[in-house]
Amino acid sequence: LYLAGWDCALMPFALNDSTRFISPTKTPEYLAAGKPVVSTAIRDVVNPYGKNRLVYIAETAEDFVDMAEMAIREAQNDQRLRKVNKFLENTSWDNTWNRMAELEFKADKMKPALVL
């Protein structure tokens with residue numbers, strides 16, 4: 001409900017040592033809410049979201065304003081929304097959990113049997 005009044009989600013992170021390795025979980029949350037997202041070039045936002053053209057990446061303050069205006073104009077573009085939904089289908093928490101459980105199961109099967 002809180003996001004319903006937004007035209008665009010903004011993630012204006014400073015680019016410094018403190019943000020070098022952050023991975024903002026709000027990115028897929030904003031996208032799942034149907035909002036266009038504009039972010040500074042945070043590594044885990046650029047890849048995969050920026051590279052897949054799901055999030056607008058701004059390099060400068062001027063870019064940030066331009067990207068936000070573009071994002072708002074394209075916010076309800078059906079093609080953009082379908083692309084976002086398709087991407088998010090493959091990155092759900094359920095899928096992530098299932099992949100982790102599968103890897104754990106495979107790793108456990110590869111352990112040598114305990115011999116007493």
Side-chain angles (χ1 to χ4, degrees):
L1 188 58
Y2 182 71
L3 297 177
W6 294 11
D7 293 321
C8 182
L10 305 178
M11 300 192 324
F13 291 100
L15 300 177
N16 56 40
D17 287 342
S18 297
T19 61
R20 179 174 290 162
F21 298 109
I22 64 169
S23 184
T25 56
K26 65 181 79 178
T27 311
E29 293 169 357
Y30 289 159
L31 290 170
K35 300 301 175 184
V37 178
V38 180
S39 178
T40 48
I42 296 296
R43 185 184 68 172
D44 282 1
V45 176
V46 171
N47 187 24
Y49 303 102
K51 288 188 180 191
N52 284 291
R53 297 187 180 269
L54 303 171
V55 169
Y56 299 84
I57 304 297
E59 300 291 331
T60 66
E62 292 80 16
D63 286 346
F64 211 92
V65 172
D66 292 343
M67 293 290 171
E69 290 172 348
M70 185 184 315
I72 291 167
R73 281 193 305 272
E74 298 176 0
Q76 296 307 313
N77 178 297
D78 289 340
Q79 184 176 1
R80 183 192 77 81
L81 293 170
R82 280 193 300 276
K83 186 175 182 178
V84 165
N85 287 338
K86 183 68 175 165
F87 179 86
L88 293 176
E89 282 177 8
N90 297 319
T91 59
S92 73
W93 286 117
D94 288 340
N95 287 346
T96 301
W97 168 257
N98 288 332
R99 284 193 307 271
M100 289 173 57
E102 183 179 318
L103 290 170
E104 184 179 329
F105 178 76
K106 286 179 183 177
D108 192 49
K109 289 188 87 171
M110 293 169 47
K111 290 180 184 174
L114 179 62
V115 179
L116 297 177

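Because the structure is predicted, anything quoted here is derived from the model rather than measured.
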Would you name the heavy atoms of Leu54 and Lys83 that are closest together and state the gap between them?
-> CD2-CG, 3.8 Å

Supply the atom-to-atom distance Thr19 OG1 to Ile22 CD1, rounded to the nearest 0.5 angstrom.
-> 5.5 Å

Close side-chain approach of Ile57 to Met67, heavy-atom, < 4.5 Å | no

Between Asn95 and Glu89, is there a donor-acceptor pair closer than 3.5 Å when you use the side chain of the first and the backbone of the second?
-> yes

Nearest heavy-atom neighbours spanning Gln76 and Leu81 = OE1-CD1, 4.0 Å

Can you see which heavy atom on Arg80 is nearest to which on Ala75, and at what distance?
-> NH2-O, 2.9 Å

Tyr49 side chain near Pro28 side chain, heavy-atom distance below 4.5 Å | yes

Ile72-Val55 co-clustered via ILVMFWY side chain contacts under 4.5 Å | no

Give a yes or no on whether Lys51 atom NZ has more than 12 heavy-atom contacts from other residues, nucleotides or ligands under 6.0 Å away.
-> no

Taking C-beta and beyond as the side chain, do Tyr56 and Asp66 meet within less than 4.5 Å on heavy atoms?
-> no

Side-chain contact, heavy-atom cut-off 4.5 Å: Thr40 with Met11?
-> no

Do Met70 and Arg73 have side chains that get closer than 4.5 Å, going by heavy atoms?
-> yes

Could you give the distance from CD (Glu104) to CE (Met100), rounded to the nearest 0.5 Å?
-> 8.0 Å

Indicate the atoms forming the closest heavy-atom contact of Ala71 with Val38, along with that distance.
-> CB-CG2, 3.9 Å

More than 12 heavy atoms of other groups within 6.0 Å of Arg43 CZ = yes

So CG of Asp7 and CD of Glu69: to nearest 0.5 Å the spacing works out to 12.0 Å

Side chains of Leu15 and Ile42: does their closest heavy-atom pair fall under 4.5 Å?
-> yes

Distance-only, no hydrogens or angles: does the Asn77 side chain make a donor-acceptor pair with backbone N or O of Gln79 under 3.5 Å?
-> yes

Give, for atom CG of Asn98 and atom CG of Leu103, the distance between the pair rounded to the nearest 0.5 Å.
-> 11.0 Å

